[in-house]
Every structure is written in structure tokens, then in C-alpha cells.
**Student:** 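Below is a structure I'd like to ask you about.
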Amino acid sequence: MEKKFRDYEQGDAIAAVRENYRKMRVNQTYEYVQRMRKKYLTYDKPHDLWDAMRSLNDLIDVSDPDLDLPNVQHLIQSAEAIRADDRPDWMQLVGLIHDLGKAMYMWGCDEDGTSQDEQWGTVGDVYIVGCKLPDTCVYPEFNALNADMQNPQYNTELGVYAEGCGIDNTYLAWGHDEYFYQVLNNHPENKLPEPAMIMIRYHSFYPWHTGNSYQLLTTTKDDQYKEWIKDFNRYDLYTKSQKVYELDEVMDYYRPIAEKYLGTGPIYF
Ligand SMILES: [Fe+2]
Ligand SMILES: [Fe+2]
């Protein structure tokens, strides 16, 4: 039987996946996102890129019905697939690092959903906070549990935003995508091209890039973003296999690429 990806109805891990999404929908409000941005976007924790990668040896993403390997394996699998297709070096690097924001668990806590045990503030498909939750969210039946959906300021199609403001000017649910995007944005040696940064920032934004929601908020610029994301997402999704790599084995190949785009010093999380 052909493997089906992103099946949220059946499989061994479904109860945990569903519970992560329920908690995420309950807790990720506009106010929560502002609080997390203040708390985590401090750029005061220096980490060597490879040590951050290694930290994901200890993290299994509970939101992912397709993967029960440590997250670092998923990163290597993505990168290797992009490399096998002869895509640009910066895109191979995106494959390797796109989920590094999950390293947040090292300084996160249960209360914020940013620990190893509680991951609803780190992983899972994200949505825009401050406006109506669309039915294209996974498990849309949980949308009603979000307190913002009772607040007239936040529960309309536009919510707190202006029509056509573009997704760069909205707030997404807090998680590893936005976190790592901001960390890299703040990294003085970062030379990654714009498509790379967009792939990192919006790869979990399924209700928009796959569900085509938020038409009132997006602009033509976002259509370009969507092409980049879709190009990347095939590798994020369809490369999940049981093949296990050693980080040290692939490092020799990726290190010069990482140094070309991110320099040699630590990255401040
Ligand atoms: Fe991700
Ligand atoms: Fe990923």
C-alpha cells in the first residue's frame, strides 16, 4: 500500500497528535503570541549550529503523524532529498535547518507548550491569530475552543488586520518556524536568499499555503511566497522514511554550505 502522508484520522500516534492540536487551538490566542514573542525573541543564547542540530536528537515531534524518529533525522532526510535533486546549495541548507526552531525545547517550559512533553507552542500547523480561524485548520472542530473566537475584535475575517496587508504583517501562532526565522533575521552573518527565509518562516502555515484561506489578507507578493513554499514542502513532507543517518557522516558535506550562508560563529537564539 502506498504511504499516505498527513493522515490525521488513523494511525498509532493519532491520539497524541490530536491532543497537541486541541491544546494548541485552546491556548494559542493573540495575547499568548505577543507574550511568547516578548519572552523568546531575546537573542541571548549562543549555540553552535551543529550542537543545536544535535539537540534535536532528543526531540520527537508529537504533531507529526508521519514521523517517529528524532527530529534531526527528518532534517537530514529533507536535506539529502533536496541534494539528490541537484537543487541549489542554499535550499539544501534550508532542508537541513528548517526545523531548528524546535531547539526551543531546551529553554522552554510545559506552561508555554515549548517543552519536550508539551509541544503545542512549538510544533504543528500554524494559523493567523487576531482574526477568524478558518475551517482549513487541521481538526477545525477545535476552532470554537479558542477564546479569541468569542471576541468581536478577533473573530472576523479581517480581525485586527487591514485588507491586503500581506502575511508578513500578520501574527502567526507561535512555533518553531517564526522563532527560527527571527533568530536568523537577527543573525548578522546570515546571507540566505529571500526564498530560503520564506521557506523557513511559513512552511507550517498549511491553512494558507495548502488550504488557500486568508484571501482577504494576502497580496500578490504572497503568491510568490506560496510558490517557494510549495517547492520546499514536497521535501519536508515526502522524504520521511525510516532511513537513519549519522549527523557526523553528512556534516562534511553541509558544513561549507552552512559557513557560506551563516558564517562560522554561534547563532544567538
Ligand atoms: Fe517544521
Ligand atoms: Fe520539517
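Only this structure's heavy atoms are used, side chains among them; waters, hydrogens and symmetry mates stay out. First listed ligand is number 1; within each ligand, the first listed atom is number 1. Counting from 1, the numbers follow the sequence of the chain as shown.
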**Student:** Going by atom type alone, with no hydrogens or angles, which donor-acceptor pairs under 3.5 Å involve a side-chain atom of residues 190-199 and a protein atom two or more places apart or on another chain?
**Tutor:**
unit_1, atom_1, unit_2, atom_2, d
Asn190, OD1, Leu192, N, 2.8
Asn190, ND2, Leu184, O, 3.1

**Student:** Mind listing the protein N/O/S atoms less than 2.8 Å away from the Fe ion (ligand 1)? Waters don't count.
**Tutor:** Asp99 OD1, His176 NE2, His203 NE2
**Student:** Taking the six-membered ring of Tyr206 as reference, does the NZ or CZ atom of Arg6 fall below 6.0 Å from its centre and within a 45° cone about the axis?
**Tutor:** yes
**Student:** Tyr32 vs Trp120, test: ring pair (Phe, Tyr, Trp, His ring centres under 6.0 Å). Steps then yes/no.
**Tutor:** CA-CA 12 Å; Tyr32 165 86; Trp120 51 263; 5.5 Å; yes
**Student:** Look at the aromatic rings of His203 and His98 and report parallel, tilted or perpendicular, splitting at 30° and 60°.
**Tutor:** perpendicular
**Student:** Are Arg83 and Tyr253 in a cation-pi setup, meaning NZ or CZ lies under 6.0 angstrom from the ring centre and within 45 degrees of the ring axis?
**Tutor:** yes
**Student:** Under 6.0 Å from the six-membered ring centre of Tyr139 and within 45° of its axis: does the NZ or CZ of Arg18 meet both?
**Tutor:** yes
